[in-house]
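A short write-up of the structure that comes next.
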Amino acid sequence: MGDTDERRKCNRTAFVTVGTTSFDTLVRAVDTREVKEVLSKKGYTHLLIQMGRGSYIPQKSTGEDGSLTVDYFTFSSSIADNLRSASLVISHAGSGSIFETLRLGKPLIVVVNEDLMDNHQSELAEELADRKHLFCARPQTLYQVIAAMSLESLIPYPPGDASPVAKLINRFLGFPDD
């Protein structure tokens, strides 16, 4: 059995999501030969791109030549299944996408959209990267981040515990402690 046949047995998907936005710069970045090759070298077999309202159409590939299998779609009622089945998530810097991915314990590269005005999203992505919960990139640095990433260096994000706040609210409203 050849190396390519062995790789196909174990599907490892890199899932890219831009949410409901248009982030063609990210879609273009993952659609480059360099990014696809480094993902393949890292052991990924599939690249699935959720491209939102963007106008750039990535190049599909069946992967028959040993390269990544590449597919894309615009929107889905839920990307939860895509996130759960992904081996790596590459996401825009929306807080919902970030925390949903971290809650699932998936390795995450957040790509900051520098074209947004008031880009508060970069602060969140950079802070979580500093805490080693994810990797942070710009579209022009995505290749370098993927090439250099070591998934073992990531620290799982601890889920929040809202029970102290709920107890405080219940006490304030006069409900008994449970």
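We use all heavy atoms of the structure for the numbers below, so side chains are in, but hydrogens, waters and symmetry mates are not. We're numbering straight along the sequence, starting at 1.
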Evaluate whether atom [atom1] of [X] has more than 12 neighbouring non-hydrogen atoms of other residues, nucleotides or ligands under 6.0 angstrom away.
X      : atom1 : value
Lys132 : NZ    : no
Arg28  : CZ    : yes
Phe15  : CZ    : yes

Derivation of the side-chain hydrogen bond (donor to acceptor under 3.5 Å, both in side chains) call for Thr21 and His92: CA-CA 9 Å; Thr21 66; His92 70 121; 4.5 Å; no
Evaluate the side-chain proximity of [Y] to [X]: yes if any heavy-atom separation is below 4.5 Å, no if none is.
X      : Y      : answer
Phe135 : Leu142 : no
Thr45  : Cys10  : no
Val111 : Pro139 : yes
Leu26  : Asn113 : no

Distance check, rounded to the nearest 0.5 Å: Gln59 atom CD versus Thr32 atom OG1?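 Output value for this atom pair is 11.5 Å.
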Between [X] (side chain only) and [Y] (backbone N and O only), is there a donor and an acceptor less than 3.5 Å apart?
X      : Y      : value
Thr141 : Ala137 : no
Gln50  : Phe75  : no
Thr69  : Thr62  : yes
Lys106 : Ala86  : yes

Should Lys41 and Glu37 count as an ion pair when the cut-off is N to O under 4.0 Å?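 No, no charged N to carboxylate O under 4.0 Å.
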Scan the side chains in residues 148-158 for donor-acceptor partners under 3.5 Å anywhere in the protein, sequence neighbours excluded, and list what turns up.
residue: Ser150; atom: OG; partner: Glu152; partner atom: OE1; Å: 3.0
residue: Ser153; atom: OG; partner: Ser150; partner atom: O; Å: 2.6

Distance only, no hydrogens: is a donor on one side chain within 3.5 Å (strictly under) of an acceptor on the other, for [X] and [Y]?
X     : Y      : value
Glu34 : Gln144 : no
Thr17 : Asn82  : no
Asp31 : Tyr72  : no

Nearest heavy-atom neighbours spanning Leu134 and Ala125: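 Of all heavy-atom pairs spanning Leu134 and Ala125, the closest is CD1-O, 3.5 Å.
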